[in-house]
Amino acid sequence: MKNLKIKNLDEKDIENLKQIKIIELEEMNIQDLKILKVKIETAIDSKEKE
């Protein structure tokens, strides 16, 4: 996320920014889990071939 210079934030704006951050983190976690799933599946496949 870019560093923004923000002035005069009210409570609602701050809350919205927090929500955006939380959504970004959730999406990042989902991506990490998908990558992990693929790595595990690959490891299982290679074990089965041995």
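Of all non-hydrogen atoms in Ser46 and Ala43, the two that sit nearest each other are OG-O, 2.9 Å.
The distance from the CG atom of Asn29 to the CG atom of Leu25 is 6.5 Å, given to the nearest 0.5 Å. The structure places CG of Asp10 at 11.0 Å from CD of Glu15, a figure rounded to the nearest 0.5 Å. Of the inter-residue distances, the one linking Ile22 atom CD1 with Lys18 atom NZ reads 8.5 Å to the nearest 0.5 angstrom.
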Item to complete: Please step through side-chain contact (heavy atoms from CB on, under 4.5 Å) for the pair Leu33 and Lys37, ending with a clear verdict.
Response: CA-CA 6 Å; Leu33 289 173; Lys37 179 180 177 240; over 6 Å; no

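Glu11 CD: 12 or fewer foreign heavy atoms inside a 6.0 Å radius.
Proximity of Leu17 to Asp13: side-chain heavy atoms (C-beta onward) are nowhere separated by under 4.5 Å. The closest side-chain heavy-atom distance from Lys34 to Ile30 is below 4.5 Å.
The hydrophobic cluster of Val38 has no other members, since no ILVMFWY side-chain heavy atom comes under 4.5 Å of it.
Ionic pairing of Glu24 and Lys21 is present here: one or more N-O contacts between side-chain nitrogen and carboxylate oxygen are shorter than 4.0 angstrom.
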